[in-house]
There are 2 protein chains.
Amino acid sequence: MLSDVMEDYLKAIYTLQMEQGPPVSTSDIAEYLGKTPPTVTSMVGKLEDRGLVDREKYKGVELTTEGETVALEVLRHHRLLEAYLTEHLDYSWSEVHDEADALEHHISEEFEKRVAAALGEPEVDPHGDPIPSADLTPPDSSGLSALSECGVGDRLVVARVSDRDPAELEYLSEAGVTPGTTIEVTDIAPFGMVTVRVGDDGREQSLPESVARTIRVRPPDEPSSEEVSPA
Amino acid sequence: MLSDVMEDYLKAIYTLQMEQGPPVSTSDIAEYLGKTPPTVTSMVGKLEDRGLVDREKYKGVELTTEGETVALEVLRHHRLLEAYLTEHLDYSWSEVHDEADALEHHISEEFEKRVAAALGEPEVDPHGDPIPSADLTPPDSSGLSALSECGVGDRLVVARVSDRDPAELEYLSEAGVTPGTTIEVTDIAPFGMVTVRVGDDGREQSLPESVARTIRVRPPDEPSSEEVSPA
DNA sequence: CTTTTACTTTAGACACATCTAATCCGTGGT
DNA sequence: ACCACGGATTAGATGTGTCTAAAGTAAAAG
């Protein structure tokens, strides 16, 4: 049996691994979770004892296959909940994260199944994040790049936005920068501020580098993917 | 801030007070929650420090108004969840209790509001238990009696059944003994076994005293109440 | 090659919820 | 009245997750 807290650590390590690749440092985990580094050291030790992470002292940690499976399970819960709350309980895009965080550890396998069925076995959540499949094979996120890495003139489709900061989500929602929307980069300022033309109505919108870094984009058209359709 | 565990204690004390009236004994709480008596003594002390229960040592405890409000809030969550799971996620009558127990401590006020709205502000859950109103005034359960206290020949309407034992619920569901159903007591055996004719199809069903004690009934017809209608 | 600096880990403490073992009421039986 | 017995409480220990303060390590800067 794994505690809620352990699940949170595994989810955090997974997320950080996705963002920066392994190994993940103690202080990054601490900052991500709002804990102190000694707390993280202690917890990571317990996770190692259970075979959920590999660790090299003073270097960092990496999820084992088993640890990754747990993280994917939690992430599946989280993202199914986000999708369900948005679709069936009238939550807005920016409200769902905290609710899903609170509930993700406490739903049964049965609940997970029924929510997935009610949604029609979706493959992405409202933010565009991929929902791990029921068999918990790692989802493939290749083919995406960060908006902050793109150049002026690039035409792109928004694939994913971060769900961590409600204020940022609110802003992006207003701006029309949502998964499935086509955008074009019109300017990049020296300090990283990216300006984009959004969708068909030609609105221009500037985004600080810190935000652009959290937006994942893919090339437009090319009939390869499926799910997202501009509403 | 109150822990999940404290909420469970308050809910347990509330339930026991409803069943047997105050004060509630340490060992009854311990048995209800599956804890040992010293654990309960210790927890009850903390609840007293916070002004949630009144206690007389070696006698028992009773909820304060504040403690009762917390219990009602938790109960409202629990019963709204039971109703929602049954109505919108295809749960059966007997499956909902454990899921609701796990989730009741972790839903936000917002979630509570939206679930209540999605259900049309219901006043009873699927077992017939009254759902405390949003303002948390104590629900009125007068006018109900236990099936085990009734006499041969009585015609009654089932008002509530206990949601504690899934096997019992399964059995009652099979038997057609559900809230809103009209029944007639046809026999009472010396050791308390009650036999009833159920609904319109004249099936007879015998229920041990331990079960009959958990079924609450009210007199039939008399246009006074509203919500339950035999489906 | 040494020193500084940034980060990590160890040490020690605390709060919570739980247990077992031992002690302590209070009441019902004699 | 007394005493015994059942139930309640105290005492003391355990496990988890957290913190602050102190010590340790590794890598960059001089």
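Protein chains get the first letters and strands the later ones, always in sequence-line order, with residue 1 at the start of each.
To the nearest angstrom, P of D:dC19 lies 7 Å from NZ of A:Lys35. Between A:Lys57 atom NZ and C:dT9 atom C1' there is a gap of 7 Å when expressed in whole angstrom units. At whole-Å resolution of the value, CG in B:Asp8 and P in C:dC16 are 17 Å apart. Straight-line distance from the CE atom of A:Met43 to the P atom of D:dG17: 5 Å, rounded to whole Å. Computed from coordinates, the B:Arg50 CZ to C:dA15 C1' distance equals 11 Å when rounded to whole Å. A:Lys59 has its NZ atom 10 Å from the C1' atom of D:dA27, to the nearest Å. The OH atom of B:Tyr58 sits 18 Å away from the C1' atom of C:dG28 (whole-angstrom rounding). In this entry the distance linking NZ of A:Lys46 with C1' of D:dT16 reads 5 Å, nearest Å.
Proximity of B:Tyr9 to the phosphate of C:dT18: a side-chain N or O atom is located under 4.0 Å from OP1 or OP2. For the pair A:Ser42 and D:dT18, the criterion of a side-chain N or O lying under 4.0 Å from OP1 or OP2 is not met. OP1 and OP2 of C:dT18 both lie 4.0 Å or more from every side-chain N or O belonging to B:Thr36. Phosphate proximity of C:dA6 to A:Ser27: absent, as no side-chain N or O sits under 4.0 Å from OP1 or OP2.
Listed candidates were D:dC19, D:dG17, C:dT8. Nearest to the side chain of A:Ser25 is C:dT8. Side chain of B:Thr41, nearest nucleotide from D:dA21, D:dT10, C:dT8: D:dT10. Candidate nucleotides C:dT9, C:dC19, D:dT18 were compared by shortest atom distance to the side chain of A:Pro38, and C:dT9 ranks first.
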message = Run B:Asp8 and B:His105 through side-chain hydrogen bond (donor to acceptor under 3.5 Å, both in side chains) and show every step you take.
response = CA-CA 9 Å; B:Asp8 281 333; B:His105 307 296; 2.8 Å; yes
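Under the 4.0 Å criterion applied to side-chain N and carboxylate O atoms, A:Glu109 and A:Lys113 are not assigned as salt-bridge partners. A salt bridge links A:Arg114 with B:Glu95: the distance from a Lys NZ or Arg NE/NH1/NH2 to an Asp or Glu carboxylate oxygen falls below 4.0 Å. By the 4.0 Å N-to-carboxylate-O rule, B:Glu7 lies too far from B:Lys11 to be salt-bridged with it.
B:Thr26 comes within 4.0 angstrom of sugar-phosphate atoms only, judged by non-hydrogen atoms across all strands, and of no base.
Listed for the B:Glu87 side chain is no donor-acceptor partner under 3.5 Å among the backbone atoms of B:Leu119.
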